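Okay, so here's the structure we're looking at.
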2 protein chains.
Amino acid sequence: MKNLPDKTVERLSQYRRALLVCLADNKMHIFSHELAGLIHITPVQVRRDIILIGYSGTLRKGYDVRELVSLIGKIIDTEEGLRACIVGVGNLGRAIIRYFKDKRTKLVITAAFDTNPEKVKCVFSGVRCYPIEQLESVIREQDISIAILTVPGEVAASVAETLEKAGIRGIINYTPTPLNVSEKIYLGEYDMITSLEKAAYFVKNNRGE
Amino acid sequence: MKNLPDKTVERLSQYRRALLVCLADNKMHIFSHELAGLIHITPVQVRRDIILIGYSGTLRKGYDVRELVSLIGKIIDTEEGLRACIVGVGNLGRAIIRYFKDKRTKLVITAAFDTNPEKVKCVFSGVRCYPIEQLESVIREQDISIAILTVPGEVAASVAETLEKAGIRGIINYTPTPLNVSEKIYLGEYDMITSLEKAAYFVKNNRGE
DNA sequence: AATAAACTGTTAATGAAATAACAATACAAA
DNA sequence: TTTGTATTGTTATTTCATTAACAGTTTATT
């Protein structure tokens with residue numbers, strides 16, 4: 001059950017979201033093909049993932065939704081919860097703050113940072129904005145593990161360096177600048193130009209998903 | 001040279017961006033290890049990708065930057081260029097519009113759509129916003145190939161259906177709702193909660209990249 | 001001319017992920 | 001009780017992506 005494949009982890013997150021909707025609809029059991037249908041993958045893949053996390057369904061009822069949600073929670077979340085911050089309160093930063101508001105209890109954005117004095121000390125969707133100079137101290141005080149980088153590309157590298165010094169453990173980079181951080185730090189690169197150009201290539205070549 | 005691997009296409013986009021910076025610095029030749037260093041991958045991977053697109057470097061000078069940029073352009077871009085639109089002009093939609101402004105000549109955001117009457121007819125960073133009812137007609141008139149979906153999750157599925165009817169060829173989904181569109185349509189899923197939860201999992205398990 | 005250094009290009013091996021095929025089981029219906 | 005059906009769970013295969021190993025080539029240096 002340890003060291004799950006990359007893609008399985010991504011799907012677990014999606015499974016949970018779909019399952020929470022089921023629970024809200026009072027649906028207590030679900031078959032692999034139903035869950036597969038909700039996120040548009042194959043039933044086999046669902047079953048394989050579920051085996052990987054060490055869960056078993058029952059033959060005529062499928063999987064117990066609550067148990068599965070709880071198990072996925074044990075895998076993705078920590079008991080005490082993790083805290084994240086936004087670095088760079090532009091449109092994108094604000095979009096993410098707002099979007100995450102009240103979505104998860106075990107994974108919360110607790111601080112934002114910006115250089116603009118107008119933004120500092122403002123509160124965006126409940127998240128306070130600090131001056132970038134306080135990055136290190138606030139991260140340590142609030143025990144923030146993950147940083148979401150939404151600053152302009154030119155300053156991304158230097159901010160990442162500061163984050164590393166502050167002891168951050170994961171960085172999600174929405175900046176166009178590829179980052180170079182210690183192997184110890186989880187790094188997710190999500191550059192939007194690449195996403196769009198990739199789409200352009202496949203559209204051009206008439207290839208669907 | 002046809003049907004390049006998924007990951008190679010992504011890297012080509014990154015190569016080009018790095019190479020354009022080189023050109024701006026008047027650097028006309030580049031070695032595989034230099035290019036690899038810029039985006040933090042291995043030189044072997046760079047060389048493999050370059051072989052795949054049918055290009056050759058020279059032994060003592062490496063790759064000709066201009067030629068490589070031009071070749072990548074021929075692969076990713078179309079002669080006439082592609083047009084894209086934003087559906088949903090919230091913070092995220094505006095962030096993307098602004099971010100893409102003047103970034104690429106062959107890939108341009110030409111329209112935005114929203115239901116809010118206050119936003120309709122506004123121009124965001126040079127991109128006009130139309131009412132969602134005109135989605136189909138505007139897409140056809142402007143020959144828009146790609147839609148970037150930044151609407152609330154609840155309406156994503158119905159918007160996607162309309163996009164499909166309008167003859168869209170690629171959808172980039174920033175919505176938390178997984179989409180189900182025809183196999184013919186390229187679909188990129190970029191849900192931010194999944195990105196963050198994935199980071200949480202790896203941070204929790206002390207696993208870097 | 002010979003040698004060494006610094007590359008590119010190619011093939012082979014490995015690893016990760018997805019798919020296919022099928023075995024096993026519980027239940028319903030005849 | 002038997003048979004059929006729908007489902008899970010498991011193993012094997014295939015496909016895709018990365019890494020490793022090394023062969024080949026040009027140029028500078030001696």
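Below, all heavy atoms of this structure are taken into account, side chains as well, without hydrogens, waters or symmetry copies. The shown structure was predicted, so the numbers you read here are calculated from the model rather than taken from an experiment. Just so we're on the same page: letters track the sequence lines, and every chain starts at 1.
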*May I ask you to say whether A/Asp77 pairs ionically with B/Lys204, meaning some side-chain N is under 4.0 Å from a carboxylate O?*
no
*So does A/Arg16 pair up with B/Glu197, basic N to acidic O under 4.0 Å?*
yes
*asked:* Tell me which pairs pass side chain to side chain donor-acceptor pair (under 3.5 Å) where either residue lies in residues 162-172 of chain B, with sequence neighbours left out.
replied: A/Asn206-B/Arg169
Over how many whole Å does the gap from [X] atom [atom1] to [N] atom [atom2] extend?
{"X": "B/His33", "N": "C/dA5", "atom1": "NE2", "atom2": "P", "answer": "16 Å"}
{"X": "B/His29", "N": "C/dA6", "atom1": "NE2", "atom2": "C1'", "answer": "16 Å"}
{"X": "B/Phe31", "N": "C/dA6", "atom1": "CZ", "atom2": "C1'", "answer": "8 Å"}
{"X": "B/Ile30", "N": "C/dA6", "atom1": "CD1", "atom2": "P", "answer": "18 Å"}

_Aromatic plane relationship, A/Tyr63 with A/Tyr55 - under 30° parallel, 30 to 60° tilted, over 60° perpendicular_ = tilted
*Could you tell me which residues satisfy side chain to side chain donor-acceptor pair (under 3.5 Å) with A/Arg128, sequence neighbours excluded, listed by chain and number?*
none
_Residues in side chain to side chain donor-acceptor pair (under 3.5 Å) contact with B/Lys27, at least two apart in sequence or another chain_ = B/Glu34
*asked:* Ignoring hydrogens and geometry beyond distance, is a side-chain donor-acceptor pair present between A/Thr194 and B/Glu10 at under 3.5 Å?
replied: no
_Under 3.5 Å, is there a donor on one side chain and an acceptor on the other for A/Tyr99 and B/Asp191?_
yes
*For residues 80-103 of chain B, which residue pairs qualify under salt bridge (charged side-chain N to carboxylate O under 4.0 Å, His left out), counting only residues two or more places apart or in two chains?*
B/Arg83-B/Asp143
*salt bridge (charged side-chain N to carboxylate O under 4.0 Å, His left out) partners of residues 42-53 of chain A, not counting sequence neighbours, each pair once*: A/Arg11-A/Asp49
*chain B footprint on DNA chain D, 5' to 3' - any atom under 4.0 Å from a heavy atom*: D/dA17 to D/dT27
Got a second to check how far [X]'s [atom1] is from [Y]'s [atom2], nearest 0.5 Å?
{"X": "B/Glu189", "Y": "A/Ile39", "atom1": "CD", "atom2": "CD1", "result": "9.5 Å"}
{"X": "A/Ile109", "Y": "A/Phe100", "atom1": "CD1", "atom2": "CZ", "result": "5.5 Å"}
{"X": "A/Leu149", "Y": "A/Tyr174", "atom1": "CG", "atom2": "OH", "result": "11.0 Å"}

*asked:* Run the side chain to side chain contact (heavy atoms under 4.5 Å, CB included) test against B/Lys61 and tell me which residues pass, sequence neighbours left out.
replied: B/His29, B/Thr58
*With sequence neighbours left out, what residues match A/Ala166 under side chain to side chain contact (heavy atoms under 4.5 Å, CB included)?*
A/Glu136, A/Ile139
*Go through residues 193-200 of chain B and report each residue with a non-hydrogen atom lying under 4.0 Å from DNA chain C, sorted by number.*
none
*Does any residue of residues 57-68 of chain B have a heavy atom under 4.0 Å from DNA chain C, and if so, which ones, in number order?*
B/Gly57, B/Thr58, B/Leu59, B/Arg60, B/Gly62, B/Tyr63
_Under 3.5 Å for both pairing distances: what stems, at least three Watson-Crick or G-U pairs long, include DNA chain C?_
C:1-30 with D:1-30
_Counting primed atoms plus P, OP1 and OP2 as sugar-phosphate and everything else as base, spell out the protein contacts along nucleotides 12-19 of chain C at 4.0 Å heavy-atom distance: B, S or - for each nucleotide, 5' to 3'._
-----SSB
